[in-house]
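Below is one structure, written out as structure tokens, with a few remarks after it.
For reference, positions follow the sequence shown, starting with 1.
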Amino acid sequence: MPSDPGTPAVCALCGTAADRTPPTWTCSVENGVRRFFCDDCARANIRSIEGRLDSPWW
């Protein structure tokens, strides 16, 4: 997974790809793995994200 804004990123839910990690995407660390979520997926699951639920629960 990308670790800085200059590397390509893929949304962990829908697979949307971006040339660089957009500053508006959400980043989550689950079981030691950094996962990125696009704007649409983050908006659709904001309550679960704020509740710190791992993405398999969404």
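- Using a 4.5 Å cut-off on side-chain heavy atoms (C-beta onward), C11 and F36 make no contact.
- Taking every heavy atom of both residues into account, T26 and A42 meet most closely at OG1-CB, 3.4 Å.
- Between L13 and N45 the shortest side-chain heavy-atom distance falls below 4.5 Å.
- Contact annotation: the side chain of W25 approaches that of D39 to within less than 4.5 Å [non-hydrogen atoms, C-beta and beyond].
- In this structure, the side chains of C27 and R34 come closer than 4.5 Å at one or more pairs of heavy atoms.
- When side chains are defined from C-beta on, V10 does not count as touching T16, because their heavy atoms never get closer than 4.5 Å.
- Distance check, rounded to the nearest 0.5 Å: CD1 of I46 to SG of C41 gives 12.0 Å.
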